[in-house]
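One structure below.
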Amino acid sequence: MRIRTKRLELGPVEMDDKDDLVKILNNWEVAQWLIAPPFPYKQRDAIDWILKVRKDHEKLSPEHFGIYLRDEGKLIGAVSIDSKLKDNTWTLGYFVGQLYWGRGYVFEAIEPLITYARDHLHVRRIVATVDQENVRSTRVLKKLGFKYEAAKEGQYPTRRQGNLVDAYYIDL
């Protein structure tokens, strides 16, 4: 499954993109804000994750997508909507390489993913947690219509040794 926007294409990640993935996630400016990917990020980590995403895309309703520049076919990040929570509440995760910050790519990738989640996965609520100092990410979530829910302690510690994250939600 592929989701296309004016400048981006969301879809399965190709094995040829593992070097780009490693480069993006080995940049501390990116990795410090993330919870799940290991740091440092190794080739084996990239291969494992790409295989997971490709397997995810074998089903009719994938939850993990690479973010590609449409014109260049270059991987610049990833976005996911994950069904780990109860009550049909899903979690949103995303990252974009530092070279691509400040260009609106995160917003452009998440907006159609929300529509896809509502229309195809029948998601009713999405939650995103953000390090309290990650102003850029907070700004994107608010622009997308996410509402502040609460500061949560210890649930999702950040790599920056922070123990407090802000939770935002959007009801669909």
Side-chain angles (χ1 to χ4, degrees), residues 1 3 8 10-15 17-59 61-68 75-101 105-107 109-111 113-114 116-117 121 123 125-141 144 146 149-170:
M1 161 138 210
I3 300 172
L8 303 175
L10 310 181
V13 181
E14 302 298 330
M15 201 55 75
D17 297 318
K18 70 179 176 302
D19 291 338
D20 289 334
L21 187 60
V22 169
K23 184 176 180 181
I24 291 168
L25 291 174
N26 270 330
N27 179 342
W28 178 248
E29 294 302 314
V30 175
Q32 69 177 321
W33 307 111
L34 304 177
I35 296 167
F39 184 82
Y41 199 78
K42 298 179 172 48
Q43 288 280 324
R44 183 75 241 167
D45 299 319
I47 292 167
D48 291 345
W49 187 76
I50 290 168
L51 291 172
K52 175 184 173 182
V53 172
R54 297 203 58 78
K55 184 175 182 181
D56 181 51
H57 275 262
E58 290 174 5
K59 61 184 183 175
S61 51
E63 300 172 5
H64 304 83
F65 298 86
I67 302 172
Y68 289 87
L75 179 74
I76 64 167
V79 63
S80 67
I81 182 98
D82 203 336
S83 60
K84 289 183 180 172
L85 300 177
K86 61 181 178 174
D87 300 329
N88 207 19
T89 298
W90 294 46
T91 58
L92 174 69
Y94 52 90
F95 65 86
V96 172
Q98 186 178 9
L99 291 174
Y100 304 98
W101 290 0
Y105 291 134
V106 172
F107 179 89
I110 295 173
E111 189 175 42
L113 186 68
I114 290 171
Y116 163 77
L121 303 176
V123 174
R125 176 176 267 225
I126 299 172
V127 173
T129 55
V130 182
D131 184 295
Q132 290 185 326
E133 294 182 25
N134 192 341
V135 176
R136 290 174 191 235
S137 193
T138 299
R139 191 177 317 131
V140 168
L141 292 172
L144 286 161
F146 280 73
E149 185 172 42
K152 297 188 176 190
E153 188 172 355
Q155 187 175 5
Y156 304 103
T158 68
R159 286 203 172 91
R160 300 176 63 253
Q161 306 306 316
N163 203 29
L164 213 56
V165 295
D166 286 333
Y168 289 84
Y169 73 93
I170 187 168

Reported CG-to-CG distance for the pair L141 and L92, which is rounded to 0.5 angstrom
6.5 Å

Looking at side-chain heavy atoms only, is the closest gap between I126 and I81 below 4.5 Å?
yes

CG of L121 to CD of E63, rounded to nearest 0.5 Å, is 6.5 Å

Looking at residues at least two apart in the chain, or sitting in another chain, which of them share a side chain to side chain donor-acceptor pair (under 3.5 Å) with Y94?
S137

For a quick test of your reading: what N or O donor-acceptor pairs under 3.5 Å do the side chains of residues 37-47 make, sequence neighbours left out?
residue, atom, partner, partner atom, Å
Y41, OH, D45, O, 3.3
Q43, NE2, D19, OD1, 2.8
R44, NE, D48, OD1, 3.0
R44, NH2, D48, OD1, 2.7
D45, OD2, K42, N, 2.8

Under 6.0 Å between the ring centres of Y105 and Y68?
no

Check: H57 side chain, H64 main-chain N or O, donor-acceptor pair, under 3.5 Å
yes

Can you tell me how far CG of N134 sits from CG of D166, rounded to the nearest 0.5 angstrom?
10.5 Å

Report the residue from L113, I3, V96 that forms a side chain to side chain contact (heavy atoms under 4.5 Å, CB included) with V79.
L113

Closest approach of E29 and W101, non-hydrogen atoms and distance?
O-CH2, 3.1 Å

Separation between CD1 (I67) and CG (L8), nearest 0.5 Å, reads 7.0 Å

At their closest point, which heavy atom of E14 faces which heavy atom of I50, and how far apart are they?
O-CD1, 3.7 Å

Any side-chain heavy-atom pair from V123 and I114 closer than 4.5 angstrom?
no

Taking only residues two or more places apart in sequence or in another chain, which ones pass salt bridge (charged side-chain N to carboxylate O under 4.0 Å, His left out) with D56?
K59

Between NZ of K18 and CG of D20, what distance do you get to the nearest 0.5 Å?
10.5 Å

Just how far is it from atom CG of D17 to atom CG of L75, taken to the nearest 0.5 Å?
5.0 Å

Which residues pass the side chain to side chain contact (heavy atoms under 4.5 Å, CB included) test with I24, not counting sequence neighbours?
V30, F95

If you compare all heavy atoms of Y116 against all heavy atoms of P62, which two are closest, and at what distance to 0.1 Å?
OH-O, 2.7 Å

Output all residues satisfying side chain to side chain donor-acceptor pair (under 3.5 Å) with Y168, sequence neighbours left out; order by chain, then residue number.
none

State whether the side chain of R125 and the backbone N or O of Y169 hold a donor-acceptor pair below 3.5 Å, judged by distance alone.
no

For E111, side chain to side chain donor-acceptor pair (under 3.5 Å) partners two or more places apart
none

